[in-house]
Every structure is written in C-alpha cells, then in structure tokens.
Amino acid sequence: MDAALAPPPAAVEPITLVEATRRAVAQEMRRDASVWVLGEDVARGGIFGQYRGLIEEFGPERIVSTPISEATIMGAGLGAALVGTRPIIEMRIFDFALCAMDELVNQIAKIRYMFGGQAKPAVVIRAPHGLWRSSAAQHSQSLETWFAHLPGVVVAVPATPADAAGLLVAAIRSDDPVLFFDPKALFAATGPVPSAIDPLPFGVARHEQWGDDLTLVCWSSIVPDCVRAAEALARDGVGVDLIDLRTLWPWDEAAVLASAARTRRLLVVHEAVRAGGFGGEILARVVERLGPGALKAARRLGAPRLPVPFSPPLEDAMRVTEAKILAAAKSLLAA
Amino acid sequence: MDAALAPPPAAVEPITLVEATRRAVAQEMRRDASVWVLGEDVARGGIFGQYRGLIEEFGPERIVSTPISEATIMGAGLGAALVGTRPIIEMRIFDFALCAMDELVNQIAKIRYMFGGQAKPAVVIRAPHGLWRSSAAQHSQSLETWFAHLPGVVVAVPATPADAAGLLVAAIRSDDPVLFFDPKALFAATGPVPSAIDPLPFGVARHEQWGDDLTLVCWSSIVPDCVRAAEALARDGVGVDLIDLRTLWPWDEAAVLASAARTRRLLVVHEAVRAGGFGGEILARVVERLGPGALKAARRLGAPRLPVPFSPPLEDAMRVTEAKILAAAKSLLAA
Amino acid sequence: MEASTEHAIARLTELYRLMARIRAFEEVALAAHAAGELPGYLHPSIGQEAVAAGVCSVLRRDDRITSTHRGHGHALAKGAAVRGMMRELFGRAGGVCRGKGGSMHIADFSVGMLGANGVVAGGIPIAVGAAQGLRLLGCDAIVACFFGDGAINRGPFLEGLNWAALYRLPVLFVCEDNAVAAFTAACSVTAGPGAVARAESCGVAAESVDGNDVEAVAEAAARLVARVRRGDGPHLLHARTYRLLGHTSTDQAAWRDPAEVAAAKGRDPIARARQRLLAAGVAETVLDAILAEARAEMEAARADALAAPWPDAAEAWEDVQDIGAETMEQA
Amino acid sequence: MEASTEHAIARLTELYRLMARIRAFEEVALAAHAAGELPGYLHPSIGQEAVAAGVCSVLRRDDRITSTHRGHGHALAKGAAVRGMMRELFGRAGGVCRGKGGSMHIADFSVGMLGANGVVAGGIPIAVGAAQGLRLLGCDAIVACFFGDGAINRGPFLEGLNWAALYRLPVLFVCEDNAVAAFTAACSVTAGPGAVARAESCGVAAESVDGNDVEAVAEAAARLVARVRRGDGPHLLHARTYRLLGHTSTDQAAWRDPAEVAAAKGRDPIARARQRLLAAGVAETVLDAILAEARAEMEAARADALAAPWPDAAEAWEDVQDIGAETMEQA
Ligand SMILES: Cc1ncc(C[n+]2csc(CCOP(=O)(O)OP(=O)(O)O)c2C)c(N)n1
Ligand SMILES: Cc1ncc(C[n+]2csc(CCOP(=O)(O)OP(=O)(O)O)c2C)c(N)n1
Ligand SMILES: [Mg+2]
Ligand SMILES: [Mg+2]
C-alpha cells in the first residue's frame, strides 16, 4: 500500500503474545456464539493466562474447565464441531496431545475425507510447544513436522504477537482443523497488535528482513534468535533474506523459492530435531524446484536427535542459539 | 567371505515374510526365556498369523492375549522391560499405536534419557503398516518418518522375508526400543530365510541392484515396485543403483552418499506422504554433504498429502506405482 | 382387538421390518463380497439387529448417533439411504461417503448418523462432544453412542462416561455386548462385573436388557431417552446380544463353540419377533412379504451399486481440507 | 511398657522421621528454588507425606514403585539417596538421573523406584507391566503404583486396573487423593463416587484410609501388600489427604479457600504423629532432634548440590540409545 494513502496507524500499545491470543479469542467469542474453549484449568485463565477473565464474560458453558482427559478433550472438541460449534481445544502443553493422538490423527484429520465431505471438523487445537525453562523431556517437545506430514490439518507456528493473534482469528474462522502451536518461549514477547484483529492468511510468510546474500527460513520460538543473527551479519555487510514462515502447512513455497533463486544460499533453522524435521522438506523442495545447479550451498540447523534434558548446561548444549545460527550462516557463505 | 571357503548354502525353501517373522520370534523365545509377546488376539496367532502356534509352545504367560487397551499394551510392555524382560509389543496394525502415543513417545522413547541411563526400555513395537486392500484412512497409514524424527528409538522398515527375520531378531536382542514396521502388503511375499536366523545390523542398507546412472533409495512395501521399475529401466540400458534402506533410523547415509556421488542423480521413493516424509531428510542430507554442485538432479516420489481412500480407483490414484517410479526416474535422467 | 394391542403389533411389525432390512442388507452385501463384487471386508452385525433397531426406533431424526466398525445396522436404523450405503460398500460414485469410507466408515449426517468408526471406542469422545455442542446451541436433540463390549476396556470409555456425567450431557450410551471382541471372548479380557458397574462408578445410571428382544430394547431405550432428553444426564443401556457370524466377512469363526452358536441361533431376534407376531395373529404371509421386500430392496441396491460408475480419480484430491490442499496436478 | 507398644512407638518414630525428612527435603528445595539456586520448578507434596511414608514403609527393597510429578516423597520413602536426588533437582553432576530429569523425573532404580512421571496417570500402565514382568521372572516382588485423584479421569486408569485384575497381577494401586488436581478442585471434575467404586467396577478390591494418619496408612498398606504378595490380585488403597501448598513452586495457591487450608493444616500428618508420640511418652527433645537432623541432612544436601559441578555438555549426547545415537561432533 502506498504509505501516503495509508490511514495513520492507530496508536497501539505493544502487548504480549499471550495477551494477543487472549484478545483474539475474546474477539471471536464475541463475534460468534458458537466459539467456545475446552481444556484443563481454562476457567482460571489457562496456565499461561491465555484465557484470563474470559470465564467472567462468557460463563462456564463456553469456557469449560475439564477433567484431565486429553483423549476426550480432543474427541469432544471434534464431536462438538460436527454439530456446528467451533471449539478451541486447549491442550495445556503440546506434549499432552500425545495422550489424544487417535482423536487427532485418526479422527479429526480424517473425518472430513472418510465421510466424503459430510463432516466439518472446524476445531482449533492450541498446543503451546517447545523449550521452556528446564521443563525436560516430557514438557518441551517440538513436533510440528509431524502434522505437516499429516493430511487434513493446517499447521500454524507464529512467532510474534500480531501473527499469533491474526492466525488464531483465522484458525477459529476456518472450517479446517488447525494445529496452533503457541510458542511457549515467546508468550512474554511483546509487539503491536491492532485493536480489531483481522485474520491472517495461512501460507503467507513474513519477510522479517530483506537481503541478497543468504536466505534464512525459520518459524516459531527460534525467530528472535534468527533476527539477532541476521542483525549481526548485517553489521558484517551480509544481507540476509529472513523469512518467518508463520505456517508450516501450507507453507509459503513461492516466497522461499524466489528468495533462494536470488541468494543461491539457503539456511533453514528450527528448534525441532533436525533429523526428519521440516527443514528437510524445505531444502528438498527448493532443490527439486530450482534444480541443484541453482544453489551454491544449502543446509539445515536444528536440534540434535536427543530428548530435551533438564539441566541448563545440557539444555543449552542442544539448543539452537544465535551463535550456532551465525556459525551455520558463515559456513554457508564460505561455500 | 571367500566363496571357496564358505559352507555350502543350506537348501532353504522360500517362505513368506509373515512366516519368517514367526520363526524369528519362536527362535528368540526359545533362546531367551525373558522374551514374550503381548497384544490383542496373539494367542490365536495374531491377525496375520505372525504368532501361529506359539501359544502351544510357550503358553499363555508368554503369548499374552490382551484386552483392547492399546495404551496399556504399550505401557505395560515398557514396565515389563524395566524389570528385565524383553517384550514384543504387538500393535495389530500401526494405526492403533496412535491410541498409545503417550506411552510410546513420552515414556518409551525418553525413559532411558530422562533417568540418566537407569532404564533399559528393551521393547520391540511391531506395527504392521501401509496400504492393504481397501482398508481406508484409519487402517492404512505409513507414518514411519515420525519415529525417525523421534529421539530414543530405532526404526526398522524391512521389505523381504530374510530382512524382516534378521531385523526382528536384532530388534529383540537390542536394548533400544525398536519400532518394527511390518510391511502389510508384503506379508505374503516369499523369499529364502536361513533356518538359523542371525541378527541383521541396523543402519546397513541392502543393494538390490548396482548401476551407475541413477540412485534409487526406498524401503518397506514399495521395494518390489522399485525393483520392477529398475528392471524396466535396465532393459532400456539405464543402470539403477537400487538401495533398500531396511532401517530408517539409523539409516545408511554412507551407502546413499557414495551412490549419489557416483550417479549424480538421486530419486527417493516412499509409500508415505511426500510432504514432510523421510525422503526430504535423505535428499537434504545428500545436498548438505556432497554440495548441490555434486548433483545433476534429485527428487522424491511419495503419496500426495491425502488420507487413504477406500475405493480402489481412488486408492490407486494416490498410490505410488511402478509406472510413477518409472516416470520419475525418466524425468530425472532427462535433467 | 384393543387399540393399544393393535398399536403394539403395528410397532413390532415395523421393528420386524427394520430388522429384516438390516439383515437383508448385510446378507446381500456378504454375498456380493463373496462374489468379489466389493473391495475390502465387512463387519457383519447379523444376530444383533434388535439393538440398532430398538434404540434408533425411539430417536428423533435430529438426534445424533455415533457408531462402530460394525455399523450398517445403526446407519440403516437411523434412516440412512440404502442405495447410498450400498454404493459406499462397493466404493462407487454416489456412495454416501463418495467411496472414500467404505463399510467401516459409513456416515450419513443428513439423518444424524455421525459415522461408523474404525477405532474401537473412537466414537465415545465424539458423542459426548456432540451432546455438549448441541446443548450449547440450545437444541434438545440427544446423542446415542453405540460401542461394543470390547470398547469398555479402552480408556475413552472411562473418560467419556465421567465427562458426560460431570456435565450432565444428553447422551445415551449403548453397549452392544455380543459376547466377543474380534476373536476373543469378551469375558476373557474384561475383569469385574462389566459395563453397568463401570458406568455407575462414573456416575452414569445404567441398566441391562435382553438385546435380542427388540421390544424390550425399544422399551428400555424409550424410557432412558426420555430421561436423557429431559436433562437427567447420561444413561447407559447394556444390551446382551450375540454375533452370529465371524468378526469380518473373511472370518469363518471356526474357532467358536458350535453349541454356543447353535444356542444363540435359537435366540435370533428376528425369529423371536416373528414368533410374537404370529402369536398375536399376524399372518405368516404378511411377515414373509416383509422379508421378501427387504431382500428385494437390498438386491436392487446391489444391482444399482454394481452398475454405478467408479468415482473419478480426481475426487481423491477432494474433501481433504480447504486450506493447503494439494492438487492432482502436483502429484 | 509392653514390647508391642514399644515396637509400635519405635515404628511410629521411624515413620515420623521419614515424614520429617520428606518435608525437610521439600522445604529446603523450595527455599533453594526461591533463592534461584535450582532451575525449573517443583511440585511439592507438603502435607501428603504420610501416604508415601506409610506405604513405602511396608515394601521390600526389591519391590518396585511408580510415581507421579509430585514424587519426592515416594522416592525418599523408597530409599533413594538424598544427595543424588538433591543434585538432580539442581541439575548437577552426580544427580541420580545425571541432571537429565530434574524434579519431575526423579528415579532410582537401585532401590526399586521406577520413576516419577511428567504425565498424569503415565505410571499406571508401566506399573502393571512391571508386575507382569516380575511374575514372568518368577520373582515375588510387588509393585506399588502411586497416582493422584486427577489421574482417575484418564483412560489409563481404567485400562490398567482392568488389566491388573484380569491377570491377577501383584500391584498395589495407591490413589493419593489430595482433593485437588493442579488448580481445579477434584470433586468438580470427577463424577460418581470416586476411586474405590471405579476400582471395584474393574474387579480391583479397594478401600479408603485417612491419608494423613501415617499409622493407618501403614496398617492398611501392610494388609493389602500381604494380599497382593500372596497372589490375591491387585488392590487399591484410596488415601484421603491434602496438598497444603500450591500446584508448583511458583503457585501461591491464592485461589484456595483459606478456611479450607487452615482446617487442613490442623490435620497435618507430621503434627498428628508428633502428638501421638508425645502422648505415648516420647520426649519432645527426641522429636525435635529428629526434625533438626532431617533439616540438617537436607541443608547439607543443598550445600553439596550447590557446590557440585554442572554436568559436562557432552553428556547431553549420552543415554539416548545404543544404536543410531548422534554424536556431539555431528551437531
Ligand atoms: C483401538 C483399536 N484396537 C483394535 C482394533 C481392532 N479391532 C477391530 S474390531 C475389534 C473387536 C471389537 O470388539 P467389540 O468392541 O466388542 O465390538 P464387536 O466387534 O464385538 O462388535 C478389534 C479388536 C480397533 N479397530 N481399534
Ligand atoms: C496427561 C497430563 N495432562 C495434564 C498434565 C498437567 N498436570 C500436571 S499435574 C496436574 C494435576 C494432577 O492432579 P492429580 O493427579 O490429582 O495430582 P496432584 O497434582 O494433585 O498430586 C496436571 C493437570 C499432565 N502432567 N499430564
Ligand atoms: Mg463385542
Ligand atoms: Mg490431586
């Protein structure tokens, strides 16, 4: 949009990502009486405060605190969608969704297809994921790749308050089941969010920064580290084309292809384990589409194939960091 | 081994893959009294006959037919391993393992690590997987990639009776949890199996065929289709280096790298959905290791991102076939 | 003849017709399967028709049901279109699920049939959620949730019953106890007194019924559905029945005790309803006509399915998702 | 003084010491957490010590236990080494899990403690399997399986109890009912009469006990363990207790009814045991010495942990798997 024609930006106080998602939910619940939330402890606001105060406004029929019954939280959300409501299924943290995988994988993801289009599984599955202050192996996983590989679902992996809010609004309005991975480590990150939250389209990446020397693709919690690394590289005169995918399925293949064709150097960074991670898909797709000859170098940076340890030095050792991103970028630039 | 020094090969009648696995289990149960089987209907031989007759020899304490309680089948297998037995956890078909993902992902895969090496989760999880005669979306999945991405487990994906038997013996003897994906579609395939089954090493691929023009990497049910495609290409004078990985984690990176460096053309074929599938990992790894310049062309062939439909023409439309493999190979050779 | 008796006879005649249609549907489908006309395999419910017929006969059209892998009877009893169902079993165009589901995934949302399920107990969480959604929408429809005796050993049974009781949801749980789970006698894998006790321990009122007596099933279901609908919370009906055939169309069930099967045949729900109707003075010819009509209806559906075209390959790419669906061209 | 009384006093004194040590361990750990000395967060069991102490006091060393996210007490009561545990909470070298697990994944296999669990009800299937494995090995050890009142709403509770009853496995299920699940009153998410009824409905004999009376817990546990060990099948002990603090070390539990908490403090299991010992003539100084020793032991463990080195970064790559483990160099 021509800057001269744009309306003056509303003065928006920066808010936290968790607050941004709270406002998105509240906005949609006001707009549409069929939107509701189910999950453990949501009546007291959710364990991160994502639902703070909503029980007062919407009451216990729409902010439903449930038993510790993940399979039924997930499956009941589906059932409620089948009769025309729009449930937000809160999983507390992603790892507990593993208690509900039949409901998610065999039922939610497949029901529309199996029944020839009769079912409308319009659910949002919120799953705060990733590393978060020494939470160890059962509370720190990043398995978003699994769901990009799973037909029938949309996968959102936002990294900023505005993106989280916009994608959550889009997810709630979508008739598709959306896996919405809240980035636990960024819940407290702040940024501007418009007071009326518009839905963001799925599959459209955000260019954090433009540059000609290196394409850096990332998403979710690791984005701020990538931004810092890109800033450091910029100080060395290296122009990084920094792409935050925002959604993993669909993902913005066009943006990545255009960038990689231009820079001829591709680095994909994710917090998840590298082996079998979605970085492989992106790299492979770029090679398939552009041909290997179009690239000078390409690589991925992800976690080693380890469960997440508790002790800080161990966690730090396996964590993707700004320093590791910088080192990977430099090795690519040298190739 | 020098052929002149080798003992004359025992005359081995070809047997089916399902029978090969039955013999592997029987052999190990005779060898080691701590090996046992738990799963639904195993006392009557399992639904594919994998355990036929074992109840007579080993009794109901070691061939344990269980309730329909997948979470507990999986978790009890782990518990029994923790006290020193070696359970074979039979999942009936892979899709039902989705009812037991907390036990598999949060417990089995992580317990050794979380407890600093104290636990020995020596379980084999048998999960017959893949397409099989119009079984539709909830009985046909190929999600082996998920487990290659999951730290703590070994992933076996055999395609021949001898490989299935050898890998199953290795899996039973291994202290690591092994996801053993029986290829449903190949249960009836026959091949020679030695009467004394030696363990096969994990991470060592089998060269089905040698060639210089194209590297074709595959595993599990799709291998026979790849073999037929390679034979067709051979008739056209194209030499295919055909590699059956046999295990997906660890996978034989050295064999693939050596082959791809030689042929400079890489095709990875799997029955699973292409998007986010393990083909991406392989292609990415080859590009990272050899550099994009080492390759003339590379691509993957996998299923489209669809649940599996019931109707045969729909199933056929999304299935990877010999014809599709041939077409992909030809497009690669033209590049 | 008194009006009430007349009414009872008319009602039982309709139940007889419904059971006959379910049986004919499955017998014809099994014959088609044996003849290689339809792909995959079937889970027949022959011998269990009284449960589906009795329960669904007291439901409203806008009530919902969830079903199991053995769901033909539930679907027919809820009013699903026969031809659409048969075409689905055949994997043909015009199948109620466009050929994508097959026998194990029969669904007809237009009559409130929210789907069979290939996963044992898979329908339970869905049913309780549907009930919760209906209440949120201010609708007084209820949900009947069918599952087998094998399902009571899976976790979702506990979770779903506790959940339904907690929120006092309008759900009628129906445990179809056919004495067997796949190839295993149910009693050999179930500890304790069974479904009724388990339900009560989760705060769900429950009772047992002779599931081969279609009038008894209908009477009990009517009573419980009335309570469920007026807000008394979930109830469970435990229907004792018997699966006369094997687990699937390819299982001859040779492993079953022949004496047990013979005894069960003597309790066949259709034969019992027929005896009662005959005793009440209904003419044999009337009842035979019902059987013949059912058979003819299903044979016609078979012929229709066999003549129907296959779905177009491109349809495999439809109904996946709105956003991010791959196209056939990408393949 | 009679020998039996003397013995009872000696026994209660030991239970008092054990409870005091558990409480001191957690108080010291909480202080360390508040001081920023240890990473992550803790789930304190303060107020619930009598259950861990009473049950584990009647177990043999080769008996196994599975525990929960709130597992410090179970581990200590089963005999886990204090310094190894404290170092684990601190994430230091020499931690019983090499710093990889932390508070929520405390385990000490050398004393039969098969691990805490970050997943509610996660230990239940593991426990029944361990019991099955022990029987297969011909060992007469039993398994005590601890879980909270919140866990009885998860599927594995049903599955595990049915399973244990079916195979008559040597398991003592211990439901630690502290009246709350995380931030939610247990009664608000649990329908029906509760754990005992649910257990019985799955064929598991069950009884309730005052979980703040350590002697009552020990007595009931001894009785049930004897039955379990002699082959009478699984039993469930439902222990009513109260969590005096918040859900985690960062939760001030301001949402709780202060009157309820105050009343619960009056039932503090350690204070009650102390009253009884005083009444039986044990000198206050003896009891104070026990408290002081416990405190000193735990403060020494804290000092030890704080002085201990961090684990080497390379250790992160160990204990993953034998085959296919990545190396640090690959990273
Ligand atoms: C979770 C799960 N485990 C196993 C199966 C395989 N299976 C299909 S039907 C069946 C038996 C079900 O028994 P029951 O619930 O009594 O139903 P019935 O077949 O008797 O109608 C089994 C084990 C499945 N479909 N889902
Ligand atoms: C499957 C699962 N869901 C949710 C959680 C989060 N969570 C941790 S403790 C807890 C409450 C558990 O309550 P209870 O079983 O009564 O144990 P208590 O905390 O009272 O000791 C919850 C919900 C979890 N750890 N695992
Ligand atoms: Mg049954
Ligand atoms: Mg509790």
Side-chain angles (χ1 to χ4, degrees), chain A residues 33-34 36 38 61-62 64 66-87 89 99-100 102-103 106-121 123 148 151-155 170 174-178 201-203 247 249-251, chain C residues 64 66 88 95-102 104-110 112-119 121-137 139 141 143 154-156 158-160 162-164 166-167 169 311 315-316 318-326:
Chain A
S34 75
W36 60 295
L38 69 167
E61 296 275 314
R62 291 179 69 197
V64 180
T66 69
I68 308 173
S69 304
E70 278 76 9
T72 298
I73 298 171
M74 189 73 84
L78 172 59
L82 296 186
V83 299
T85 71
R86 295 188 168 275
I89 299 170
C99 302
D102 171 54
E103 292 71 20
N106 286 331
Q107 314 293 341
I108 289 176
K110 296 178 175 43
I111 196 164
R112 178 170 169 188
Y113 193 79
M114 288 190 300
F115 297 166
Q118 296 180 77
K120 195 173 76 180
V123 299
V153 299
V154 169
V155 182
S174 156
D175 285 350
D176 290 326
V178 178
F202 296 108
T247 60
W249 198 270
W251 63 281
Chain C
R64 312 297 206 277
T66 63
E88 188 60 33
V96 69
C97 301
R98 307 184 72 194
K100 287 174 184 163
M104 202 159 48
H105 306 293
I106 284 284
D108 188 347
F109 280 40
S110 70
M113 161 47 173
L114 299 185
N117 210 306
V119 178
I124 297 176
I126 296 174
V128 300
Q132 207 157 4
L134 288 167
R135 183 161 67 195
L136 194 64
L137 297 173
C139 169
V143 181
R154 275 207 66 227
L158 171 91
E159 293 191 4
N162 178 62
W163 184 291
L166 192 63
Y167 302 113
L169 295 175
E315 290 179 34
E318 296 170 6
D319 304 322
V320 181
Q321 57 196 96
D322 292 335
I323 304 158
E326 290 190 343

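All values below come from the heavy atoms of this structure, side chains included, with hydrogens, waters and symmetry mates left out. Each chain gets a letter, A, B and so on, in the order the sequences are listed, and its residues count up from 1.
If you tally non-hydrogen atom pairs under 4.5 Å between each of C:T66, C:V143, C:V320 and chain A, the highest count goes to C:V320. Contacts with chain A were tallied for C:I124, C:L137, C:I106; C:L137 has the most, counting heavy-atom pairs under 4.5 Å. Between chain C and the residues A:I111, A:T85, A:T72, the largest count of heavy-atom pairs under 4.5 Å involves A:T72. Contacts with chain C were tallied for A:V83, A:D175, A:V155, A:V154; A:V83 has the most, counting heavy-atom pairs under 4.5 Å. When C:K100, C:E318, C:E159 are compared by the number of non-hydrogen pairs under 4.5 Å with chain A, C:E159 comes out ahead. Comparing C:V96, C:N162, C:L158 by heavy-atom pairs within less than 4.5 Å of chain A, the highest count is held by C:V96. The candidate with the highest count of non-hydrogen atom pairs below 4.5 Å against chain C, out of A:N106, A:I73, A:L78, is A:I73. Counting heavy-atom pairs closer than 4.5 Å to chain C, the top residue among A:V64, A:V178, A:L38, A:I68 is A:V64.
For the residue pair C:L166 and A:P67, the shortest heavy atom distance occurs at CD2-CG, 3.5 Å. For the pair A:F115 and C:A116, the tightest heavy-atom approach, listed with the atom from each and the gap, is CZ-O, 3.7 Å. When every heavy atom of A:W249 is checked against every heavy atom of C:E326, the shortest pair comes out as CH2-OE2, 3.9 Å. Summarising the geometry of A:A76 relative to C:V128, their closest heavy-atom pair is CB-CG2, 4.2 Å, with the distance given to 0.1 Å. Closest approach of C:R98 and A:G116 over heavy atoms only: CD-O, 3.3 Å. Here the shortest heavy-atom pairing between C:G122 and A:Q107 reads CA-NE2, 4.0 Å.
Only the backbone of A:V153 comes within contact range of chain C, judged by heavy atoms closer than 4.5 Å. With a 4.5 angstrom heavy-atom cutoff, C:L134 touches chain A via backbone and side-chain atoms both. C:A127 does not touch chain A: none of its heavy atoms, backbone or side chain, sits under 4.5 Å away. For A:T247, no part sits under 4.5 Å from any heavy atom of chain C, backbone or side chain. The contact between A:A119 and chain C is made by backbone and side chain atoms together, counting heavy-atom distances below 4.5 Å.
The line from CD of C:Q132 to CH2 of A:W36 is 4.0 Å long, rounded to the nearest 0.5 Å. Note that CZ of A:F202 is 5.0 Å distant from CD1 of C:I323, once rounded to the nearest 0.5 Å.
Checked against side-chain hydrogen bond (donor to acceptor under 3.5 Å, both in side chains), A:S174 has no partners two or more places apart in sequence or in another chain.
Residue pairs satisfying the salt bridge (charged side-chain N to carboxylate O under 4.0 Å, His left out) criterion with at least one member in residues 109-119 of chain A, sequence neighbours excluded, are listed as follows: A:R112-A:D176, A:R112-C:D322.
Within the 4.5 Å cutoff, no side-chain heavy atoms of C:L114 are placed close to those of A:Q118. The closest side-chain heavy-atom distance from C:R135 to A:E61 is below 4.5 Å.
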